[in-house]
Chemist: 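Take a look at this one; I'll ask things after.
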2 protein chains.
Amino acid sequence: MLDPRRPRRGASINDVARLAGVSGQTVSRVAHGSTSVRPETRAKVLAAMERLGYAPNHAARALRAGEFGTIGLLAHRFERTGEALTTEGVIGAAAAQNVGVTVVDVRRDEVDDWQSAASRLTHQAIDGLVVIRAEQATPEELALPADLPVVVSDSRFAGRYPAVVADQAQGTREAVQHLLDLGHRTVHHVAGPADSEPAAVRLDTWRRMLEEAGRRVPEPWRGDWTARTGYGLGHEIAADPSVTAVFCANDETALGLLRALHEAGRRVPEDVSVVGFDGIALGEFTYPPLTTVSQDFHAIGRELVRLLLDRVRATGADEPQRVVVPTELVVRRTTGPAAENHNADPA
Amino acid sequence: MLDPRRPRRGASINDVARLAGVSGQTVSRVAHGSTSVRPETRAKVLAAMERLGYAPNHAARALRAGEFGTIGLLAHRFERTGEALTTEGVIGAAAAQNVGVTVVDVRRDEVDDWQSAASRLTHQAIDGLVVIRAEQATPEELALPADLPVVVSDSRFAGRYPAVVADQAQGTREAVQHLLDLGHRTVHHVAGPADSEPAAVRLDTWRRMLEEAGRRVPEPWRGDWTARTGYGLGHEIAADPSVTAVFCANDETALGLLRALHEAGRRVPEDVSVVGFDGIALGEFTYPPLTTVSQDFHAIGRELVRLLLDRVRATGADEPQRVVVPTELVVRRTTGPAAENHNADPA
DNA sequence: GGATGGCATGTTGACGTCAACATCGTAGCC
DNA sequence: GGCTACGATGTTGACGTCAACATGCCATCC
């Protein structure tokens, strides 16, 4: 914690008042829009402010108002695309309302890390909290103050707090359908981690799509969102000639897979088609450019702020809501027609 | 701004005191480490806190202490790797000191955007400010309060505020030397934007290295950090058979270039070697994996916090310092020996 | 038994701001 | 001329916390 005895303190409203020869209240009036202050009085006050470099004390304002004008944001490793873009959306939308955002990063996605991050944050000066994908912690474990307005994105918290989620199922359906339309007999899947809710939705939807189409449902591979694991599994995938289409749980995994396929001499998309998920910016500049399901993370961030500020400002109205943001298949060049020579695979 | 008349206010120290039948001061003592409170008194107070769901009011604490325990961070589009990782480093290091971080994102790298972001931030409750690469704004234009401790990373602000910068020159030297050692007659360069200081250092160092080695200095291409521009320039670069080695100002640009080279049928690294800069995580999983100069952004973030908290806590000691964080060449697979057939190029 | 000292607890005030109320002066009106 | 009304400005107190000081109690010691 910062040293509380540091004397460095700016000029207060009363310092300005003394210099300008008016009362503190008049300074306060000038500092705000100010109703009814004589122009010459205002000028005097403004001059005094200028001279002393007056800046309002936010702690005092917050104390008096009972609000901080700041919300907290809790995320896990937010340099990852989804987290970073959602955070950006949150920050932008909050800024537009003159609300600041205090960010806390959870280093490892484990319960005690989430706990300590949450407690750190609730010990900060915030009026509300945005939680982005707390996959490894339950609401109870987080032990958030009961009177703190909270909204979440995409997590098991959705039942408990208002949530903004991307339409995982829709995107997955489009991706699988796209591959089937290209003539692939079936679609393989590299899933996300087992404890991730979005990963589970993508997995379930993929399976259901294949079942509904009457296709064989191959055993999915289990990934962990990383390119490294996509690359590792990729060696195995590349070695299996029956694999002609792979739907990856996210773009990083798809990129790792792409490298492995290249190294194994499997051509993309001639031999194998690949679809990612997320729509990271670099997907457009991989070789070949990556077909993917893009999510509008900025929109998620904006909706989160809207929901949260509603809750912060309203006194009642607390039934959990759920806002769904659409996803969109972006077809680039990692998907193509099924190769003829592998059609021996039974439908 | 949040509505200041919302009555939602938690229990105060005095509510707890009343319930526990003690004075507010005793509650305060219990709330802290607390010296000398009788165990049974403490228990009573703790029970009352529990029952009322007491949480300390940070505005009041901040007002009394004259400090917020929060620093601000100003960055441009911080979902980009360098910004995001530096921000992560800052947040982590600050958290370790129980200091929060309020983040403001500058949408467009233009003066008025920087200005409005800066003023938004200085109207927040912060004790100090970290500015990450403010390339389009001068210190004067930012108009930061004179008494606000500020540290910066990597920018034209370095002369004015304490700064933490990566050793751009060292990394550039290693990269160029690596390519020359591989037998390339000269090294081409796709630069960053003209108004970026790090881009200028990379450009100058690249030129100096070639001059010192007595090599021809080809006209550099002017990029803008984006993969898109790297891709666009890449078509031109791929069409020039005299180009055997390209040093790109950053990884995104290099990735765009890579795609263009692939599309043009130029093999990497057999026909053309490519080096990036930054060390983004995905560089390891492009095809081929990208040789690059990696920067330790987390270290930069940590150093920024160290410097800033020094300034916040110290009363004097304000002469600008400069901390240099080393960079490191990471050789992967986009660089290889110069092709024999292009050695016609004069040394 | 009374003085001493130390520990537990209470009281006061100040941090900076601003709403609510109080005061003062003057223009306008009969 | 005296009264009203309103506009400009001042005064007071409260938001929650905690350092500094004050008080009160008890054990100890001669």
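Every chain is numbered from 1, with letters handed out A, B, ... down the list of sequences.
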Chemist: Grab the CE-C1' distance between B:Met49 and D:dT17 for me, whole Å please.
Modeler: 12 Å
Chemist: Compare every heavy atom of B:Leu73 with every heavy atom of B:Leu129, then report the nearest pair and how far apart it is.
Modeler: CD1-N, 4.1 Å
Chemist: Between B:Arg311 (side chain) and B:Val150 (backbone), is there a donor-acceptor pair under 3.5 Å?
Modeler: yes
Chemist: Could you state the CD1-C1' distance from B:Ile13 to D:dA19, rounded to the nearest angstrom?
Modeler: 12 Å
Chemist: Using a cutoff of under 3.5 Å, can you pull out all pairs of nitrogen or oxygen atoms linking the protein to nucleotides 10-14 of chain D, with atom names and distances?
Modeler:
from: D:dG10; atom 1: OP2; to: A:Ser23; atom 2: N; distance (Å): 2.7
from: D:dG10; atom 1: OP2; to: A:Ser23; atom 2: OG; distance (Å): 3.0
from: D:dG10; atom 1: OP2; to: A:Thr26; atom 2: OG1; distance (Å): 2.8
from: D:dG10; atom 1: N7; to: A:Arg29; atom 2: NH2; distance (Å): 2.9

Chemist: In whole angstrom, what separates A:Glu67's CD from D:dC15's C1'?
Modeler: 13 Å
Chemist: Nearest whole angstrom, please: distance from the P of C:dG10 to the NZ of B:Lys44.
Modeler: 8 Å
Chemist: Would you kindly give the CG-to-P distance between B:Asn57 and C:dC15, to the nearest whole Å?
Modeler: 18 Å
Chemist: What's the closest nucleotide to the A:Arg38 side chain, out of D:dA8, C:dT17, D:dT17?
Modeler: D:dA8
Chemist: Answer yes or no: is there a side-chain heavy-atom contact under 4.5 Å between A:Ile300 and A:Glu303?
Modeler: no
Chemist: Report yes if some heavy atom in the side chain of B:Val151 is under 4.5 Å from a heavy atom in the side chain of B:Tyr161; otherwise report no.
Modeler: no
Chemist: So, does A:Thr41 get its side chain near the phosphate of D:dT9, meaning an N or O under 4.0 Å from OP1 or OP2?
Modeler: yes
Chemist: Inspect the surroundings of CZ in A:Arg107 and state if more than 12 heavy atoms from other residues, nucleotides or ligands are less than 6.0 Å away.
Modeler: yes
Chemist: Distance check needed: D:dC18 P versus B:His58 NE2, whole Å only.
Modeler: 10 Å
Chemist: Whole Å only: how far is the CZ atom of A:Arg42 from the P atom of D:dA8?
Modeler: 10 Å
Chemist: Is it true that the side chains of B:Glu83 and B:His76 contain a donor and an acceptor less than 3.5 Å apart?
Modeler: no
Chemist: Hey, is the side chain of A:Arg61 poking within less than 4.0 Å of OP1 or OP2 on C:dC18, counting only N and O atoms?
Modeler: yes
Chemist: Nearest whole angstrom, please: distance from the C1' of D:dC15 to the CG of B:Leu63.
Modeler: 9 Å
Chemist: Go through C:dG16, D:dT17, D:dA8 for me and flag the one nearest to the B:Asn14 side chain.
Modeler: D:dT17
Chemist: When rounded to the nearest 0.5 angstrom, what is the spacing between OG1 in A:Thr70 and NE2 in B:His58?
Modeler: 12.0 Å
